[in-house]
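Written below as structure tokens is the structure these notes are about.
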Amino acid sequence: MNEARHADADGKESPAATSSNLYDQVATQPEERIQRSLFGEILDWMLVPLLLLWPMSIAITYLVAKSIANHPFDRALDDNVIVLAQQVKEVNGKVVAPLSGAARDILRADDIDNIFFQIIGPGGELIDGDRELPLPVDEEKPVSGSVQFRNDTMRGTDVRVAYVYVDLRRTRTPPNGKREPMVALIQVAETLDKRAFLANEIIKGVILPQFIILPIALALVWFALSRGLSPLAELQQRIRARRSDDLSPIDSGQVPEEISPLVRSLNEMLERLSQSIQMQKRFIADAAHQMKTPLAGMRMQSELALREERPEEIHRSLEQLSKSSETATRLVNQLLSLARAENQNPESGSFVPVELSELARNVVHDWVQQSFAHRIDLGFEQPGHPIMVRGNPIMLREMLTNLIDNALRYTPAGGSVTVRVRANAAEEEAILEVEDTGPGIPPAERAHVFERFYRILGSNVEGSGLGLAIVREITQQHNAIVDIFNNPHSHDPKHPGCLFRVTMRMEQRPEFIEDIG
């Protein structure tokens, strides 16, 4: 779809169009991912719990301080209640508390808190003390002689109350042996000013140092993290200081144990990259060397044709020029096929179910005329049912094409080449074989014939040495195995023949594909 542009009379784009294009470019640019800082991540995970625990520690400290502050003052209240209980007596069936004025002054003597006391008789009557002091609301039966404590409110002020129930007849036994208890309630209460003051002093003694210790702790954490992550910075500097062509392994002995797996993985990647670059360098050098021969021949033949005056010599030079150009064209095509095979990715989605018999039959059909030209019997054998594999059809055709071409080049005239497709149902394997009656490949050479530009000495056959290298790359991409054997059907000791066998995993046959008739 064509985009509309604003242009002036001279054909130049207007500022509005330019700004619109710039806006489109900015809008279509991918958003940069915000990188997370490892230092900040660790610092957050350390400081956030610390800052959350600090208020909790203050609250716990306050509760502990209150408990500590209550303990000594509760003991003083306990003593006052016991002393006051000792003054309460029964006289002629009545409860009396003969407290002198001096005793009252001593009981209420306190410079900070207000002291209250109360004595209640068995019938609930007030014997002495402060009437406003609330009574205990204990639902359980009171324990005589045991001092109890509770928090309460008097005149709108919080107080701490100590109280005890005393049986005034506990030491007297009537003549008939039956004694009815006479229980009096004695309470002493005080306000909480001294307790709050002591609790605040305890909290100040604990909290104030924390305001000094906490910044120091934060600074130490910051310093420790900076110190702990310094090996990462040193590793970064060492990597940045490297030359662009330095692919040597990184020394993992100078990095912390936690980073060693990352460094080892990086070293493995550098090793693979170094091997890939070395292979590419060798490939380029070998390709350049191989290209020199046909190009030099073409140049020489063209110069000879220009110097020759006789038509027959010019025709001979043109024939050689045609052969050299054909060799160069085939070499370039094989180089492109090899590069394409190396860059093939099984996960790219180009692998589809392929019927191997049909693919092989079509490839063999394309080479029939070539076999007639070489006077070689080209045959094809297939089972009576389809064989399904998963792969790239173009790459599989290229693999079989190179196997057939290799067989036709090395098979002498009058020989035979057979392409065979069969299945190993027990192992769920699809097998593709190319069998010839050529000179064969010695066992010592079979591991090398798949190398680039490798050719067996003394073969006297034109070629670039790339065909079998392409076969190896394609089989590796398809997780297949290629093996080389002698031809089991050849009985000529001078020409033992060769059998190339490619073994692939067989796929389940779709229901709509019928058996071959």
Side-chain angles (χ1 to χ4, degrees), residues 26 29-77 112-113 148-153 156-161 190-242 249-271:
V26 173
Q29 288 181 352
E31 296 183 0
E32 296 184 357
R33 296 183 59 184
I34 300 177
Q35 296 181 349
R36 295 187 302 173
S37 169
L38 181 61
F39 181 87
E41 193 82 9
I42 298 177
L43 194 63
D44 289 343
W45 281 104
M46 294 183 65
L47 295 185
V48 169
L50 181 62
L51 296 178
L52 290 177
L53 290 175
W54 188 48
M56 296 176 60
S57 68
I58 294 177
I60 295 174
T61 302
Y62 176 73
L63 296 176
V64 172
K66 288 186 64 177
S67 176
I68 295 175
N70 279 334
H71 186 67
F73 296 111
D74 284 350
R75 289 175 55 187
L77 276 181
I112 299 176
D113 285 317
Q148 305 293 325
F149 294 90
R150 75 176 190 275
N151 294 321
D152 217 322
T153 303
T157 304
D158 293 334
V159 293
R160 180 73 167 170
V161 183
E190 69 175 357
T191 56
L192 307 179
D193 294 340
K194 293 193 301 293
R195 300 167 187 263
F197 178 77
L198 180 58
N200 291 334
E201 290 299 319
I202 296 174
I203 292 174
K204 289 179 182 178
V206 176
I207 299 302
L208 289 180
Q210 292 186 7
F211 283 100
I212 301 174
I213 295 175
L214 187 61
I216 296 176
L218 295 178
L220 291 177
V221 169
W222 188 283
F223 175 77
L225 281 178
S226 302
R227 183 70 177 174
L229 295 177
S230 58
L232 288 178
E234 295 175 0
L235 179 62
Q236 178 186 11
Q237 293 299 328
R238 294 207 306 269
I239 294 176
R240 284 185 174 180
R242 284 180 165 230
I250 301 172
D251 186 8
S252 60
Q254 301 180 3
V255 298
E257 181 180 357
E258 291 76 11
I259 313 177
S260 295
L262 175 63
V263 175
R264 287 195 295 268
S265 300
L266 184 59
N267 286 337
E268 292 175 0
M269 185 193 70
L270 290 175
E271 182 179 0

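Judged by distance alone, the side chain of Asn267 and the main-chain N or O of Pro249 form no donor-acceptor pair under 3.5 Å. At least one donor-acceptor pair closer than 3.5 Å links the side chain of Ser230 to the backbone N or O of Arg227.
What you find for Val159 and Thr153 is that their closest heavy atoms are CG2-N, 4.1 Å.
Inter-residue side-chain proximity for Met269 and Ser265 is flagged as unmet; no heavy-atom pair is nearer than 4.5 Å. Side-chain contact check for Asp74 versus Arg195: some heavy-atom pair is nearer than 4.5 Å. Inter-residue side-chain proximity for Arg160 and Phe73 is flagged as unmet; no heavy-atom pair is nearer than 4.5 Å. Ile250 is listed as a side-chain neighbour of Arg242, based on a closest heavy-atom distance under 4.5 Å. The side-chain heavy atoms of Leu53 and Met56, taken from C-beta on, include a pair separated by under 4.5 Å.
The side-chain contact (heavy atoms from CB on, under 4.5 Å) test with Leu235 is passed by exactly one of Leu262, Val263, Asp251: Val263.
Summarising the local packing, CZ of Arg238 is surrounded by more than 12 heavy atoms from other residues, nucleotides or ligands at distances under 6.0 Å. The environment of Phe149 atom CZ is dense: over 12 non-hydrogen atoms of other residues, nucleotides or ligands sit within 6.0 angstrom.
Between the CG atom in Asn70 and the CG atom in Leu77 there is a gap of 9.5 Å [rounded to 0.5 Å]. Note that CG of Leu192 is 12.5 Å distant from CG of Leu198, once rounded to the nearest 0.5 Å. Here the straight-line distance linking atom NZ of Lys194 with atom CG of Asp113 works out to 3.5 Å at 0.5 Å rounding.
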